[in-house]
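Taking it in order: structure first as structure tokens, then the write-up.
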Amino acid sequence: MNYMTIRTRFAPSPTGFLHIGGARTALFSWAYARKHHGQFILRIEDTDVARSTPEAVQAILDGMHWLGLDYDEGPFYQMQRMPRYREVIQQMLEQGHAYYCYASKEELEALRESQMQQGLKPRYDGRWRPEAGKQLPNAPQDVPPVIRFKNPQTGFVEWNDLVKGSIRISNEELDDLIIARADGTPTYNFCVVVDDYDMKISHVIRGDDHVNNTPRQINMLRALGAPVPKYAHLSMILGDDGQKLSKRHGAVSVMQYHEDGYLPEAVLNYLARLGWSHGDDEIFDMQQFCSWFDLDHITPSAAQFNTEKLNWLNAHYIKQADLSGLADDIAVRLEQLGIQNVSHETLTQQIALYRERTQTLQELANSLVYFYQTPEPAQDQLEKHLTDDIKPVLSNLIELLKTSEWTADAVHHVIDKIVQDNGLKFPKVAMPLRVILTGSAQSPSINEVMYILGREVVLKRLQQFF
RNA sequence: GUCCCCAUCGUCUAGAGGCCUAGGACACCUCCCUUUCACGGAGGCGACCGGGGUUCGAAUCCCCGUGGGGACGCCA
């Protein structure tokens, strides 16, 4: 039995929107906490003052909210924790775990270059690292010092990654990383350590681009006498084309999915299955996901995003969705298309007719436009279906429609009667109607469409062609 | 360059030595349903990167290749 309280965190840096990879990391961290009745904490890592923006913070918050990933604590902002970081840095300085380094950026750049040329891993050479019996250079007056962590130089760091298994890295591969910049602000690896410690994080679930930071963080944690959390490093998500997602290529805000007409439950379900599995289960809600979720079934390899499958899930959730709720969403989208004041009730009928044949809400909204705006049928469709031989039949039909009862069934019977009387096949009459009334050769049952359009509109649109 | 990680159908994955003639899902193809297109239903196509071991037996374990990816910042 594990009596430890599970505490996870999602710690994005507010330098851009919440993208799909970040969303999955958040989802897994959230689910792990929920599964174990622990706490999920949101922490904004905004120590890069130059790149962090309040807009990005808001974008992340919006994304989390849209997905329904609620947090128990936070959001905490690292910039508001400066006094605490200074305190810990001071403590490390005093205990000999950290020291001042006066090497200039130029000096370090030169060092890096020569190391690369020699085929070595570029890293700080410890020139300002104090050692027993070592004579340090005189501190230059014109270089404001940074503070470096005194990383162990021998031995190795090993941890059992909950996704990737045992990982061991020699301390000789590591160097003395900077924990405070020349201007005094602390850096990422250090803040993470202090925060994870202070916030009693039990499981660090994050992207595997952090694997290389882990040994450094563990060393600092040890220097502070802090417990080492469990780590689970998630592999990255590749774009639809198999390429890495980046700002320049393919990375999309989760809110873009909202705009494009995806339901959060579809995105969530899709993301949950990207890198994690529960046997053959494909469709499940977040309650089920939280009860099933575990770290053992996360794949260690990278996954390629597949919009087709997301579309399939989205179509599924659109079919399941509450009609009235859909209507609210679609009304907004129609408004963006210049269609105002739609009747909620009529809209609900239209959606009921179209939801089974559409993959996104935007597509759904687009497909309803002809109900509100007279469509312009493509010429080739008209030529194909509105043939001279069928025109007299349609004229006949128009007359009958003027006085018939107006229900979907009744309209169907009227069309059917015309079809029978003329010895035709149903599509022969249905297709030209479809093209004229909807502007397209594809639509739901034409009698249903006509019923919702209403007698007046139907006659008006038809008579344009006679 | 150095270190680290990864490797099953086109894609997401199941698979913890025999249950695998490798299962499911998306996509694709065929048929059925049908008032067109979808939806739905029934089939089909389609994969263990290569080579060595270990073992009675390997998709599963080990090693070496190969191929991908990540990291090497006073970014996070």
Side-chain angles (χ1 to χ4, degrees), chain A residues 11-15 45-48 50-52 78 101 103-105 108-109 112 115-123 144-148 161 163-165 167-170 172-175 177-189 191-192 206-215 233 235-236 238 240 242 244 270 273-283 296-297 299-313 315 319 354-359 385 412 415-416 419 425-431 433-435 438 440-448:
Chain A
S13 65
T15 53
E45 311 217 322
D46 54 358
T47 51
D48 184 353
R51 294 198 299 159
S52 297
Q78 290 188 321
C101 168
S104 67
K105 288 184 186 182
L108 293 172
E109 187 49 45
R112 245 195 298 280
Q115 286 169 328
M116 289 282 257
Q117 274 176 1
Q118 293 173 59
L120 298 171
K121 187 173 187 168
R123 55 211 231 262
V146 299
I147 298 172
R148 288 183 185 271
D161 195 278
V163 171
K164 294 179 182 291
I167 298 177
R168 172 203 276 226
I169 290 169
S170 169
E172 288 166 31
E173 295 294 328
L174 274 25
D175 63 359
L177 74 160
I178 292 168
I179 60 175
R181 301 179 180 97
D183 66 4
T185 56
T187 59
Y188 167 74
N189 275 295
C191 295
V192 166
R206 66 198 342 178
D208 73 355
D209 47 332
H210 289 290
V211 167
N212 294 275
N213 291 323
T214 306
H233 287 99
S235 290
M236 58 186 304
L238 273 24
D240 250 332
K244 185 193 173 186
Y270 178 73
R273 279 292 285 106
L274 203 58
W276 176 85
S277 62
H278 183 264
D280 289 338
D281 294 305
E282 294 287 351
I283 293 177
D296 300 335
H297 291 84
T299 332
S301 53
Q304 189 171 316
F305 195 88
N306 185 217
T307 305
E308 303 267 8
K309 189 162 180 182
L310 204 214
N311 287 343
W312 169 70
L313 276 167
K319 286 176 215 156
Y354 269 90
R355 71 195 311 199
E356 299 234 330
R357 49 206 306 118
T358 176
Q359 294 195 305
H385 298 291
H412 178 258
I415 299 172
D416 211 33
V419 166
K425 298 274 190 197
F426 200 96
K428 187 72 181 161
V429 176
M431 288 310 290
L433 289 177
R434 202 167 343 251
V435 170
T438 74
S440 162
Q442 291 101 265
S443 86
S445 298
I446 194 60
N447 57 306
E448 304 263 10

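Reckoned from all heavy atoms, side chains included, excluding hydrogens, waters and symmetry mates. Naming: A, B, ... by sequence-line order, numbering from 1 per chain.
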Taking atom types as they are modelled, is there a donor-acceptor pair under 3.5 Å from the base of U35(B) to the side chain of N447(A)? yes
Counting only Watson-Crick pairs (N1-N3 plus N6-O4 or O6-N4) and G-U wobbles (N1-O2, O6-N3), all under 3.5 Å, who is the partner of C39(B)? none
C1' atom, A59(B) versus C49(B): distance in rounded Å? 12 Å
Touch check for T185(A), heavy atoms < 4.0 angstrom, all strands: base, sugar-phosphate only, or nothing? nothing
Heavy-atom count around E172(A) CD within 6.0 Å, excluding the residue itself: above 12? no
Does any part of the side chain of L274(A), heavy atoms only, come nearer than 4.5 Å to the side chain of F305(A), both counted from C-beta? yes
Using Watson-Crick geometry (N1-N3 plus N6-O4 or O6-N4) or G-U wobble (N1-O2, O6-N3), each under 3.5 Å, G17(B) is paired with none
If we call it a pair only when both distances are under 3.5 Å in a Watson-Crick or G-U wobble match, what pairs with A27(B)? none
With respect to the side chain of A430(A), which nucleotide from A76(B), U13(B), U35(B) is positioned closest? U35(B)
Remember a base hit wins even if backbone is also touched, and classify P122(A) as base, sugar-phosphate or nothing at under 4.0 Å, heavy atoms. base
In whole Å, measure the gap between the C1' atoms of G73(B) and G17(B) for me. 46 Å
How would you label the contact of R123(A) with the nucleic acid (heavy atoms, under 4.0 Å): base, sugar-phosphate, or nothing? nothing
Are any protein N/O atoms closer than 3.5 Å to N/O atoms in nucleotides 64-71 of chain B? If there are, list each pair with its distance.
unit_1 : atom_1 : unit_2  : atom_2 : d
A71(B) : O4'    : N212(A) : ND2    : 3.1

Watson-Crick or G-U counterpart of C9(B), or none if no pair lies under 3.5 Å: none
Between C20(B) and C26(B), how far apart are the two P atoms, rounded to whole Å? 22 Å
Test your reading of the model: is there a side-chain donor-acceptor pair from Q304(A) to the backbone of D240(A), 3.5 Å cut-off? yes
Can you tell me the base-pairing partner of A22(B)? Count Watson-Crick or G-U wobble geometry only, both distances below 3.5 Å, and say none if there is no partner. none
Once each nucleotide of nucleotides 16-21 of chain B is scored for protein heavy atoms under 4.0 Å, what B/S/- sequence comes out, 5' to 3'? ------
Do any side-chain nitrogens or oxygens of S440(A) fall under 4.0 Å of OP1 or OP2 in U36(B)? no
Nearest-Å distance once atom C1' is located in both C56(B) and C72(B): 48 Å
Flag for S445(A)-R434(A): side-chain donor and acceptor within less than 3.5 Å: no
Report yes if at least one side-chain N or O of S443(A) is closer than 4.0 Å to OP1 or OP2 of U36(B); otherwise report no. no
